[in-house]
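Written out below as structure tokens is the structure these notes cover.
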Amino acid sequence: MPKREPNNKFKKLPRKFYERDTLTVARELLGKIFVHNLQGKLISGKIVETEAYLGEKDAAAHTYRGKTKRNEVMFKEGGHLYVYFTYGMHYCANVVTEQEGVGHAVLLRAVQPVEGFETMRELRKLDTVMELANGPAKLCQAFGIARAQNGTDLLGDKIFICDAECVPASRIGTSERVGITKAKEFPWRFFIKGNPFVSNL
DNA sequence: CTCTGGATTAGCT
DNA sequence: GCTAATCCAGAGC
């Protein structure tokens, strides 16, 4: 048996994983490992909470009214990173899904830190582990994701997502999405039941 | 051009 | 529980 190094343990998710139904991708991203190679310092975390944004069907999605300069990345083929700036001070990171031109994405709302604790603590200016990435803007801060990372291809070597555990349906919780005023009725938030790194409500 | 409010968070009361 | 912080995209005129 060859020795398995921590970073070779997981395989990068292929393009096909992302080019599927958005709600399916949002559920299946749970348990996968989100990785940022920040100038050689690896930061990674297990995805524990996501939300789906379904473009033209979804008044809460940035792409509801079609393509603009801000949301153009959401119309790329699945497997790109859509980063947007909001509330005058925060960034949020989304995984683009479906085929080119569709305009759907999955918001990464929380991860359980796995690797790179020191770097995350520096970026977050925080000593505790529990609150490093249990919210969409916290996650971006902890992972060093901002405007420059918008449009990053997740099949490249800087930011990617690795296959890991498949969370069974019985362990996935659903609810309405957080912090929106339009299309609130859709239960398109997904999280790992009982995981303490899911964001507070 | 102007105005409104937002896929949030931290820090108070 | 409440709200300030602090930009800027998108809508409306």
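The sequence lines fix the lettering, A, B, ..., with proteins before strands; numbering per chain opens at 1.
Cluster annotation: A:Ile33 and A:Met120 are assigned to distinct hydrophobic clusters (Ile/Leu/Val/Met/Phe/Trp/Tyr, side-chain heavy-atom contacts under 4.5 Å, transitive).
With respect to A:Glu51 and A:Arg109, a salt bridge is recorded, a charged nitrogen being found less than 4.0 Å from a carboxylate O. Ionic pairing of A:Arg121 and A:Glu118 is present here: one or more N-O contacts between side-chain nitrogen and carboxylate oxygen are shorter than 4.0 angstrom.
Taking atom CE of residue A:Met74 and atom P of nucleotide B:dA7, one finds them 11 Å apart after rounding to whole Å. In this structure, CG of A:Leu139 is placed 17 Å from P of B:dA7, rounded to the nearest angstrom. Separating the NZ atom of A:Lys184 from the P atom of B:dG5 is a distance of 15 Å, rounded to the nearest angstrom. Taking atom CE of residue A:Met130 and atom P of nucleotide B:dA10, one finds them 14 Å apart after rounding to whole Å.
Pairs of residues two or more places apart, or lying in two chains, that qualify as side chain to side chain donor-acceptor pair (under 3.5 Å) and include a residue from residues 72-87 of chain A are A:His62-A:Tyr82. Among residues at least two apart or in separate chains, side chain to side chain donor-acceptor pair (under 3.5 Å) pairs with a member in residues 33-44 of chain A are A:Ser44-A:Glu115. Pairs passing the salt bridge (charged side-chain N to carboxylate O under 4.0 Å, His left out) check and including a residue from residues 52-62 of chain A, sequence neighbours excluded, read A:Asp58-A:Arg177.
Two residues, A:Asn134 and A:Lys182, neighbour DNA chain B, and the one matched to the more 5' nucleotide by heavy-atom proximity is A:Lys182.
Only one option out of A:Val48, A:Ile47, A:Leu132, A:Asn134 pairs with A:Val111 in a side chain to side chain contact (heavy atoms under 4.5 Å, CB included); it is A:Ile47.
For A:Phe85, the CZ atom is densely surrounded, since the number of other residues' heavy atoms within 6.0 Å is greater than 12. Atom NZ of A:Lys184 is surrounded by 12 or fewer heavy atoms from other residues, nucleotides or ligands within 6.0 Å.
By the 5.5 angstrom centroid cut-off and the 30-degree plane limit, A:Tyr53 is classified as stacked against the base of B:dA7.
Between A:Cys140 and A:Ala93 the shortest heavy-atom distance is SG-N, 3.4 Å.
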Discussion item. Using a 4.0 Å heavy-atom cut-off to protein, can you give one letter per nucleotide of nucleotides 4-13 of chain C, 5' to 3': B if the base is in contact, S if only the sugar-phosphate is, - if neither?
Written reply: -BBBSSSS--
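For the segment residues 119-127 of chain A, the set of residues with a heavy atom within less than 4.0 Å of an atom of DNA chain B comprises A:Arg124, in numerical order.
As judged by a 4.0 angstrom heavy-atom cut-off over every strand, A:Ala137 is placed among residues touching the sugar-phosphate backbone only.
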Discussion item. Using side-chain contact (heavy atoms from CB on, under 4.5 Å), reason through A:Phe34 and A:Leu139 one step at a time and then give a plain yes or no.
Written reply: CA-CA 10 Å; A:Phe34 184 56; A:Leu139 183 160; 4.1 Å; yes
Discussion item. Dot-bracket, 5' to 3', for DNA chain B please: Watson-Crick or G-U pairs under 3.5 Å, [ ] where pairs cross earlier ones, | where the partner sits on another strand, dots elsewhere.
Written reply: ||||||.|||||.
